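Quick notes on the structure that follows.
Numbering starts at 1 and runs along the sequence shown. As the structure is a prediction and not an experimental result, all values here were calculated from the model. Because only heavy atoms are used, hydrogens play no part in the values below, and waters and symmetry mates are left out as well, while side chains stay in.
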Amino acid sequence: MFISNAYANDAGLPTGGGTMEMIFMLAIFGLIFYFMIFRPQSKRVKEHKNLMSSLGKGDEVLTSGGILGKIAKINDDSDYVLLNINETAQITIKKDYITAVLPKGSIQSL
């Protein structure tokens, strides 16, 4: 009787312009993902593949476990490499675990 009914005001409702802003933000996040995560990772994978293809018998290598050795036997069709750790000890490892090729004579200098 003395109190009037309260109705919602239409002035505070958002319009349809939010979808363009959302697409713009997703595009920015996609670019950040590409340049910060995907691109550097693909560069590292490419460098590692080049390293694996350039391996040869007699190369001195460092494994991901920290083992230094000289490649005694390598097969192109196999994923495994035979490493000479010293004159008497040999181990077989996967090519993927080789992280670096060392300069010639670096094992002797240690």
Side-chain angles (χ1 to χ4, degrees):
M1 200 155 119
F2 295 110
I3 301 172
S4 62
N5 292 335
Y7 296 103
N9 190 0
D10 290 340
L13 294 177
T15 59
T19 57
M20 250 346 234
E21 293 172 2
M22 182 69 85
I23 292 173
F24 183 70
M25 290 299 287
L26 285 173
I28 288 175
F29 285 132
L31 287 173
I32 290 172
F33 176 78
Y34 176 76
F35 284 109
M36 298 287 286
I37 297 171
F38 182 73
R39 189 168 176 243
Q41 180 65 25
S42 64
K43 263 178 103 172
R44 271 179 283 195
V45 168
K46 185 178 178 183
E47 289 173 1
H48 194 259
K49 282 184 181 180
N50 288 339
L51 175 72
M52 294 298 105
S53 65
S54 69
L55 290 176
K57 184 177 177 181
D59 286 344
E60 296 178 1
V61 295
L62 173 69
T63 66
S64 60
I67 299 173
L68 295 173
K70 187 181 276 190
I71 296 177
K73 183 179 176 187
I74 187 168
N75 291 333
D76 292 332
D77 57 342
S78 175
D79 287 341
Y80 293 94
V81 174
L82 186 66
L83 284 182
N84 283 337
I85 298 174
N86 58 23
E87 289 79 24
T88 58
Q90 292 183 341
I91 59 170
T92 304
I93 63 164
K94 283 191 72 158
K95 284 183 185 177
D96 299 338
Y97 291 108
I98 295 175
T99 58
V101 176
L102 303 173
K104 299 282 183 190
S106 57
I107 293 177
Q108 296 295 336
S109 65
L110 298 175

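- The distance from atom CG of Leu82 to atom CD1 of Ile71, rounded to the nearest 0.5 Å, is 10.0 Å.
- Residues Ile32 and Leu26 are members of separate hydrophobic clusters, defined by side-chain heavy-atom contacts under 4.5 angstrom among Ile, Leu, Val, Met, Phe, Trp and Tyr.
- In this structure, Val61 is a member of the same hydrophobic cluster as Met52, with clusters built from ILVMFWY side-chain heavy atoms closer than 4.5 Å.
- The distance from the CD1 atom of Ile91 to the CD1 atom of Ile67 is 4.0 Å, given to the nearest 0.5 Å.
- Between the side chain of Thr99 and the backbone N or O of Leu62, at least one donor-acceptor pair lies under 3.5 Å.
- Surrounding NZ of Lys104 are more than 12 heavy atoms belonging to other residues, nucleotides or ligands, all under 6.0 Å away.
- By the rule that hydrophobic residues join a cluster once side-chain heavy atoms approach within less than 4.5 Å of another member, Met36 and Ile28 end up as members of one cluster.
- Inter-residue side-chain proximity for Glu60 and Leu68 is flagged as unmet; no heavy-atom pair is nearer than 4.5 Å.
- Summarising the geometry, atom NZ belonging to Lys95 is positioned 7.5 Å from atom CG belonging to Asn75; distances are rounded to the nearest 0.5 Å.
- For Asn84 against Ala72, the heavy-atom pair with the smallest separation is ND2-CB, 3.5 Å.
- Atoms CD1 and CG, from Ile93 and Leu83 in turn, are 4.5 Å apart once rounded to the nearest 0.5 Å.
- The distance from atom OG1 of Thr92 to atom NZ of Lys73, rounded to the nearest 0.5 Å, is 8.5 Å.
- Grouping the Ile, Leu, Val, Met, Phe, Trp and Tyr side chains by contacts below 4.5 angstrom, directly or via other members, places Ile85 with Val81.
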Could you give me the CA-CA distance, side-chain angles and deciding distance for Val101 and Leu51, then say whether side-chain contact (heavy atoms from CB on, under 4.5 Å) is met?
CA-CA 8 Å; Val101 176; Leu51 175 72; 3.2 Å; yes

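- How far CG of Leu55 is from CD1 of Ile74: 4.5 Å, rounded to the nearest 0.5 Å.
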